[in-house]
Amino acid sequence: MTKTILGACPHDCPDTCSLVTTVEDGVAIKVQGNPNHPLTDGVLCTKVSRYTERTYHPERVLYPLKRVGPKGSGRFERVSWEQALRDIAARLNSIAAINPARILPYSYAGTMGLVQGESIAMRFFNLLGAARLDRTICASAGAEALTHTFGGKFGMKVQHFADSKLILIWGSNAITSSVHFWRIAQEAKRQGAKLVCIDPRRSETADKCDLHLAIKPGTDAALALSLMHQLITHDWLDHDYIAQHTMGFRGLRERALLWPPERAAQVCGLKLEDIRQLAQDYAHFQPAGIRLNYGVQRSRGGGNAVRAVACLPALTGAWRHRGGGVLLSASGHALHNAEGLQRPDLLTNPHAPLVNMSTIGDALNTPDLIEAVVVYNSNPVAVAPESAKVVKGFAREDLFTVVLEHFMTDTADHADYVLPATTQLEHWDIHNSYGHTDVVLNRPAIASLGESKTNTQIFRELSLCMGMDHPLLQEDDESLCRLALQDPRNLQSEQPVTWEQLLQHGFAHWPVAEAPFASGGFATPSGKCEFASQSLLALGQDGLPNYLPNHEPANPQAAYPLAMISPPARNFLNSSFVNVKSLRDMEGEPLLEIHPDDAASRGLQDGELVRVFNQRGSYTCKARVTTRAQPGLVVGLGIWWRKLGAEGKNVNELTSQLLTDMGRAPVFYDCAVQVAKR
Ligand code: SF4
C-alpha cells in the first residue's frame, strides 16, 4: 500500500515548505517538496530531504527514560509512561505546593507548529502558575524593531522579489537559510536585477551576488544611516510618500546627516565608493527590495540596526511597488488565533517571575529562583549563550529537569526524565511562516514510533496525573488545528482560510495586499511608518534609529582582538540535524574560519587544531584558513552539539549573556575572542 500525505516543514526557517511524504506499508520512504505549493515548488533543502533518516534514526528516543547516572553522563534506564508521569507529577506537585513559580518551561522553535509548540503546553503552565519564559533567543530584537517602525512583523511578500530591480540581501546567507527566496532572487537576476550581499562573511550567497560588502559585525545601522545621508543630500527622496505616510522625517534627516559616507566607511570597514554607489543604486534601481535577516540583530544595537534599515523603503517610496520594501518577517500578516490556542486568560500567577531564556545560565545559577525545568522544542545546553554557566545550572543536583525530545541531545543528557516526542511525520499541526504569507497544514503520515507521544498528549496526560482537570487541557489536536484558523479579530466572520481548504490542498494563502504599504496604512498608532517612534520614546529610549557600537567591538590592541560570529552551518538548522550522519559527514567537524593574515600572524596552518578563547571560556576546533573571513573576523559555524565537538564544547562557550538594545535578545555576533595554537 503506497500513499502520499501532505505536511509542513516544522523547522525554524522562513521558507515553511509544504511537504509530500510517501508512505509504503506504514513506513515513510521519502519526503519531498510539494510541487503544487508555489513557494516550495517541489524543492526541499538537503536537510529536510533527509527527514526519513532523522525519523527512523537508530538513536531516536522511543521510550521514557529515567536518569541512573550523574547529570550529563547520559546514563538512563527505560521506564514505563505510568512511572515516568507519576514521578514527574509528584515532584512538580511538591514544588508547586510551595511555589509553582519555581517551575520553568523552556521552549522555542524546535517545531514552529502552532499546536505542538505553545497550545496545551502554554495552557498547562498558565494554569499551574509557573514562571513565565521570555522567548527572546532568536528574533525578539528584530520583532520589536519592526513593531516600533511598522506596528508589527510586516514586510514584502517574498514572491515579489522576482519583480525587484535591486535586491539587498542584508545579513543573510540565503543559499543556506532561505533557499526558496534565493530561487526567487535568481529569477529576478535573470531579468536584470542587481544582487548585493551585505554580510561580514563572504558567504556562499555573497559569492553569487554582483557585489559583496563585507561589513564589520554590528555596524549595519551606520551603513543604513549613511545610505539615508546620500538619499537626502542628493534629494533621491519620494517627498509625497514621506509626507503622507511617515512620521519623524525632520529628526531622521538630522540624524542621517551625521553619517556622511566617509564616517560610515571607517566604522563599517567598507570602501567609500561602495557606499556611495549602493545609495545611488538604491535610489535608481526601482523597485528595490531588501531581504533582511536575523543576523543583523544579534549585536548590542541590533534593534536599532533593523529600524534603520526598515526606514529606507519609506524614504524612496519603494513600498509603492510590489517588488519594493523590506522583508525581515511577514508573520504579522497571518490571522491565526494564538490567544485561543494559548489562552493567556488562564494565567493564575501573573506576577510569577519572567525568566529570559537568553540568560538561562544566570537564571539557573540564581539561588532559589528555579527548582524544576520542563524543556520542549529546545536544546538550551547547546544553543544558549555562555555555555559554561548553562551547563553548571543544568548539572545542579537539586534541579529537577524533564526534557521532551527525539534524541539524547546535550540537554537531554542533563535530564532526570526524558520523554519521547513524536516527529513531524507523526502528528497534526498548523504552520505559519515568517518568510511568506501562507498557512500550511501538517497531517500525520505514519503512526508514532515506539512509545513516543505528541507534545500536546504529554501535557494532557501530565496534567491529569497532577490533578489538573481543566477541560481546556484536554482539547484534541485536530480541534486545536481548526481553532488556530479562527480569525481572533472577528470570530463571527467568515474565516479567511478554512479547514476544508487545508485538508484539500495542504496550504492556503492568508489575505495580504500585493504591495501592503503602497498607500501607507501601517499598523503603528499613527498609521504611519514611524521614523521617530513614540513607543520607544515612552520607554525612555532614543526615538530615532541610531548606531550603537558593539558591547565587544573588535580592537586589534585588546586582549581579545578578533570579532567572532557564529552563523548556521549549511547542513544544520541551529542544533537540529547535527546527529544525522549523512549531514554531519557533509559538515565534517567544527571549524573556525580565519583570514590568512590573522592565521599567519599567529603561525596557524589550515586544518590544525586551535584554541579560541576569551574571558568566558575556551573552545577547541579546527582552523580553516580562508578569505571567507575578513581580517579581524573569525567565523565559528554552528551549532554543533557539545558532545560531538572536540573536548565536549561548542562555540557558545564563548558567547555572552549580554543583551540587545530592544527585545532583551542575545548578542551571539557581538563577541570578541583570541585564537592560538592548541
Ligand atoms: S528547512 Fe526551510 S528550506 Fe528546508 S524544508 Fe524546511 S522550510 Fe524548506
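We count ligands from 1, going down the list as the structure has it; atoms in each ligand are counted the same way. Here the structure is a predicted model, which is why all the values come from computation and not from measurement.
The aromatic ring centres of H37 and H436 sit less than 6.0 Å apart. When ring centroids are compared, F150 and W319 come within the 6.0 Å threshold.
Ionic pairing of R642 and D410 is not present here: no N-O contact between side-chain nitrogen and carboxylate oxygen is shorter than 4.0 angstrom. D670 and R298 are not joined by a salt bridge, as no carboxylate oxygen comes within less than 4.0 angstrom of a charged side-chain nitrogen.
Within the cation-pi definition used here (under 6.0 Å to the ring centroid, within 45° of the axis), R54 qualifies as a partner of F577.
Remark: ligand 1 atoms within the under-4.0 Å shell around heavy atoms of H180 are 3 (S), 8 (Fe).
Closer than 2.8 Å to atom 6 (Fe) of ligand 1 sit the protein N, O or S atoms C9 SG.
Summarising the geometry, atom OG1 belonging to T423 is positioned 6.5 Å from atom CG belonging to L449; distances are rounded to the nearest 0.5 Å.
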